[in-house]
Amino acid sequence: MNIGQLRQRIIIETPTTSQDTAGGVTQTWSTFLTVWASVEPLSGHKLFQAKQANADVTGIIKIRYQSGIEPNMRIKYGSRILSIVSIINTGERNIELQIMYKEALD
């Protein structure tokens with residue numbers, strides 16, 4: 001992994017649910033981890049290949065390996081919210097994670 005490519009700061013958030021006084025459930029997001037990353041929107045041939053495997057993927061984020069990141073979490077990148085589609089531990093070596101994402105509407 002070339003750490004010089006990790007130029008973007010991202011926040012990985014985890015969902016927290018709580019019950020309000022009326023009995024409804026409210027979901028909020030709290031910071032799980034803030035890390036340096038490489039954020040790569042997919043285009044052209046890479047997008048075509050990714051869509052063959054998963055139609056929702058719009059980009060890939062690469063970070064140093066961190067344990068505990070799960071697909072139910074989300075990523076905040078500037079003002080953008082990115083939903084995690086899948087997480088790949090590159091080569092199963094615990095060095096790098098590739099996080100496939102899609103743009104979220106909220």
Side-chain angles (χ1 to χ4, degrees):
M1 162 175 261
N2 182 355
I3 63 170
Q5 294 177 343
L6 306 180
R7 293 185 292 258
Q8 290 91 11
R9 199 73 164 153
I10 64 169
I11 300 169
I12 300 173
E13 298 180 322
T14 185
T16 306
T17 56
S18 59
Q19 193 168 8
D20 60 24
T21 56
V25 176
T26 304
Q27 183 176 31
T28 58
W29 295 90
S30 58
T31 298
F32 174 74
L33 192 62
T34 301
V35 295
W36 290 102
S38 169
V39 181
E40 303 173 19
L42 295 179
S43 61
H45 185 67
K46 285 185 177 180
L47 182 62
F48 178 74
Q49 288 177 328
K51 287 194 176 284
Q52 288 179 344
N54 191 323
D56 292 333
V57 173
T58 58
I60 299 173
I61 294 174
K62 295 178 183 178
I63 63 172
R64 290 181 181 170
Y65 177 81
Q66 298 287 332
S67 64
I69 300 174
E70 300 176 359
N72 66 329
M73 296 177 175
R74 72 179 189 181
I75 296 170
K76 192 171 184 183
Y77 175 51
S79 62
R80 296 164 55 194
I81 301 296
L82 310 173
S83 297
I84 297 174
V85 175
S86 67
I87 304 164
I88 300 168
N89 181 358
T90 307
E92 295 294 324
R93 296 178 56 205
N94 295 347
I95 295 173
E96 175 186 80
L97 289 180
Q98 292 185 25
I99 303 171
M100 307 294 195
Y101 71 86
K102 67 178 178 177
E103 296 281 337
L105 299 176
D106 53 329

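We number each residue from 1, following the sequence as shown.
Residue L82 is grouped with residue L33 when hydrophobic side chains (ILVMFWY) are merged at heavy-atom distances under 4.5 angstrom, including chains of intermediate members. I87 is not connected to I11 by any chain of hydrophobic side-chain contacts under 4.5 Å among Ile, Leu, Val, Met, Phe, Trp and Tyr, and they are in different clusters. Linking Ile, Leu, Val, Met, Phe, Trp and Tyr residues whenever their side-chain heavy atoms come within less than 4.5 Å places M73 and I75 in a single cluster.
The shortest heavy-atom contact between S38 and Q5 is CB-O, 3.5 Å. The minimum heavy-atom distance between R9 and T34, with the atom names listed, is NE-CG2, 3.7 Å.
Using a 4.5 Å heavy-atom threshold, the side chains of I88 and L97 count as separate. A heavy-atom distance below 4.5 Å is found between the side chains of E96 and K62. Counting heavy atoms from C-beta on, the side chains of N72 and P15 come closer than 4.5 Å. Inter-residue side-chain proximity for R7 and W36 is flagged as unmet; no heavy-atom pair is nearer than 4.5 Å.
To the nearest 0.5 Å, atoms CD (Q27) and OG1 (T16) are separated by 8.0 Å. One finds the OG1 atom of T31 at 7.5 Å from the NZ atom of K76 (value rounded to the nearest 0.5 Å). In this structure, CD on Q66 lies 7.5 Å from CD1 on I12, to the nearest 0.5 angstrom. Atoms CD1 and CD1, on I84 and I99 in that order, are 5.0 Å from each other to the nearest 0.5 Å. How far OH of Y101 is from CD1 of I61: 6.0 Å, rounded to the nearest 0.5 Å.
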* Let me see the working for E13 and F32 under side-chain contact (heavy atoms from CB on, under 4.5 Å), right down to the final yes or no. => CA-CA 5 Å; E13 298 180 322; F32 174 74; 6.0 Å; no
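I63 pairs in a side chain to side chain contact (heavy atoms under 4.5 Å, CB included) with only one of the listed residues (V39, I10, L6), which is I10.
Comment: R80 engages E103 in a salt bridge, judged by a side-chain N to carboxylate O separation of less than 4.0 angstrom.
Distance alone, capped at 3.5 Å, is enough to place a donor-acceptor pair between the N89 side chain and the N94 backbone.
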